[in-house]
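Below is one structure, written out as structure tokens; the observations come after it.
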Amino acid sequence: MMTFNDLPEDLVVEILSRVPAVFLARLRSTSKRWNTLIKDGKLSKKHSSNAPRHSMALVLIDHKVYSVRSNLRGIHNSVAPYVNIRCHFSLKEHLSNNYSTEVDIGHVFHCDGLLLCTTKDYRLVVWNPLSGETRWIQPRFCYKKDDCYALGRSSCNKYKILRQGRLINPSEERYVYNIVGEDLVINNSQERYEYEIYDFNSNSWRSIGVITGLFNPNITSGVSVNGITYWFDISEQFLLSFDFSTERFGSESLPEGDSHLALSVTRQGKRLCMLSTNYTYVTGTNVNLWIATKTSENTRAMSWSKFPILRGGVGLRYRCHFREGVSFFAYQVKEKIVVVSCHRPNRHSKDIIHIVENDKFIELDHHGAKPTHELSPTPRLLIYVPSLVQIQHGI
């Protein structure tokens, strides 16, 4: 009797290319053959074209990455929502003789199934948690505490890293980057930031320019959508973008009248969304979700659709959950928008995961990992789309 192992490899690849990546990951530990096949580039290319996109949520807690399992489908039928923080993804230290040594992660950035991680000691690594593949990125000169990074993809599917580094000495300037189509006037009192691109094929960094603090992207708030990275600018008055194909910055207007809190993506990672608040004397603090759309292929101008999440004011107990540092994701359940948000514990609540839907704030006593104390780093919630994408290796 023929078994699955007896099938021709090309047929096996064709079959597996239609299986969601998260299920394939479970086969890696069953045999060396499965592990080798799943890591094979031929399967990776077919899988990106054929397999359905299934997203999951990750959360960074106390320098470790965990998966977030939730069941919110019955939320509109009075079924209690369920959230469990489990399945700790372990990033191993490559410098140690003991390969079981785990790395502490300070910041994480997601793009197409790859995580760009800055470690607690400021090193940089690209990591696919699904396959376990890593690539440690060496700095041009040295790692710096103030450096920030983003990962993106060009139109020819080449991954690149954008580095933002603060220039302390004005003599280090090379040239000024034209970000909005007009010359920038340099004020010596403003901070300057140098931007560099890391090319995976050449395994090297190159400078793309210097801009002033006036247009400095708040890069730590960035998210990647279809290979383009978006940030709030430092004053949170504009939405800035970086196109990894043209290697140019751009800017978009933001909805007026709101205080912009955080950026995220929809569950499938295809659309940009934003959480904001506004205050009126009558209603108090209200919370809105905005989902971005492109209105014109020629101008690529961005418009926003507004979805009120909490109207009639946010109570004092929950107001602290909608401040700087909040992270979130949003998706649709039976034509209604549900927002899952995350914030650090406070004197009102030790729980960090909350749900907002239909003008209700639902505080979840979730199971699994939690910050060890109130002074722990702010946890970060993000959407992760598992993929077999391989990290490019250069010369």
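FYI, the numbering just counts along the sequence from 1. Values below: every heavy atom of this structure, side chains too, minus hydrogens, waters and symmetry copies. This structure is a prediction, so every number in the text was calculated from the model and none was measured.
The two atoms that bring F328 and A262 nearest to each other are CE2-O, 3.4 Å, heavy atoms only. Residues L381 and A57 approach most closely at CD1-CB, 4.3 Å, considering heavy atoms. Here the closest heavy-atom approach between residue L263 and residue Y230 is recorded as CD1-O, 3.8 Å. S251 approaches L240 most closely through the heavy-atom pair CB-CD2, 3.6 Å. Summarising the geometry of S341 relative to V326, their closest heavy-atom pair is CB-CG2, 4.2 Å, with the distance given to 0.1 Å. Minimum heavy-atom separation, F242 to E247: CZ-CA, 3.5 Å.
Residues S276 and W290 have side chains that bring a donor and an acceptor to within less than 3.5 angstrom of each other. For the residue pair Y195/Q164, the side-chain donor-acceptor check at 3.5 Å is satisfied. With no hydrogens or angles considered, a side-chain donor-acceptor pair links S303 and T293 at under 3.5 Å.
In this view, T378 and R344 satisfy the side chain to side chain donor-acceptor pair (under 3.5 Å) rule, not counting sequence neighbours. Remark: D258 pairs with no residue by the salt bridge (charged side-chain N to carboxylate O under 4.0 Å, His left out) rule, at least two apart or across chains. Partners of D104 according to the salt bridge (charged side-chain N to carboxylate O under 4.0 Å, His left out) rule, which considers only residues two or more places apart in sequence or in another chain, are K64.
When atom types are taken as modelled, the side chain of T119 and the backbone of R123 share a donor-acceptor pair closer than 3.5 angstrom. In this structure, the side chain of H110 engages the main chain of I383 through a donor-acceptor pair within 3.5 Å. With hydrogens and angles ignored, the 3.5 Å screen pairs a side-chain donor or acceptor of T266 with a backbone N or O of R271.
F200 and Y198 have their aromatic ring centers within a separation under 6.0 angstrom. F244 and Y159 have their aromatic ring centers separated by at least 6.0 angstrom.
The residues R166 and D146 are annotated as salt-bridged, a charged nitrogen and a carboxylate oxygen being separated by less than 4.0 angstrom. A salt bridge between K160 and E196 is absent, with no side-chain N of the basic residue lying under 4.0 Å from a carboxylate O of the acidic one.
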Discussion item. Assess the residue pair R135 and N203 against the criterion (side chain to side chain donor-acceptor pair (under 3.5 Å)); give the C-alpha distance rounded to whole Å, side-chain angles, the decisive distance to 0.1 Å, and a yes or no.
Written reply: CA-CA 11 Å; R135 178 169 176 178; N203 194 28; 3.1 Å; yes
Discussion item. Apply side chain to side chain contact (heavy atoms under 4.5 Å, CB included) to residues L162 and I208 and explain how you reach the verdict.
Written reply: CA-CA 10 Å; L162 176 67; I208 61 169; 4.0 Å; yes
Worksheet item: Run the side chain to side chain contact (heavy atoms under 4.5 Å, CB included) check on Q138 and Y143 step by step: do they pass?
Response: CA-CA 8 Å; Q138 298 304 311; Y143 294 110; 4.2 Å; yes
Discussion item. Checking W205 against I161 for the side chain to side chain contact (heavy atoms under 4.5 Å, CB included) test, could you report, in this order, the C-alpha distance in whole Å, the side-chain angles of both residues, the deciding distance, and whether it holds?
Written reply: CA-CA 9 Å; W205 294 90; I161 298 172; 3.9 Å; yes
Practice prompt. Let me see the working for D233 and L239 under side chain to side chain contact (heavy atoms under 4.5 Å, CB included), right down to the final yes or no.
Written response: CA-CA 6 Å; D233 78 305; L239 182 69; over 6 Å; no
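Between W231 and F249, the two ring planes are tilted [angle within 30° to 60°].
Side-chain contact check for C148 versus R163: every heavy-atom pair is 4.5 Å or farther apart. Side chains of P255 and M274 form a contact here, defined as non-hydrogen atoms less than 4.5 Å apart. Side-chain contact between S253 and F238 is absent, with no heavy-atom pair separated by less than 4.5 Å. No side-chain heavy atom of R153 sits less than 4.5 Å from a side-chain heavy atom of K158. Under the 4.5 Å side-chain criterion, counting only non-hydrogen atoms from C-beta, D112 is not in contact with V385.
From T277, atom OG1 reaches atom CD1 of I309 across 13.0 Å, with rounding to the nearest 0.5 Å.
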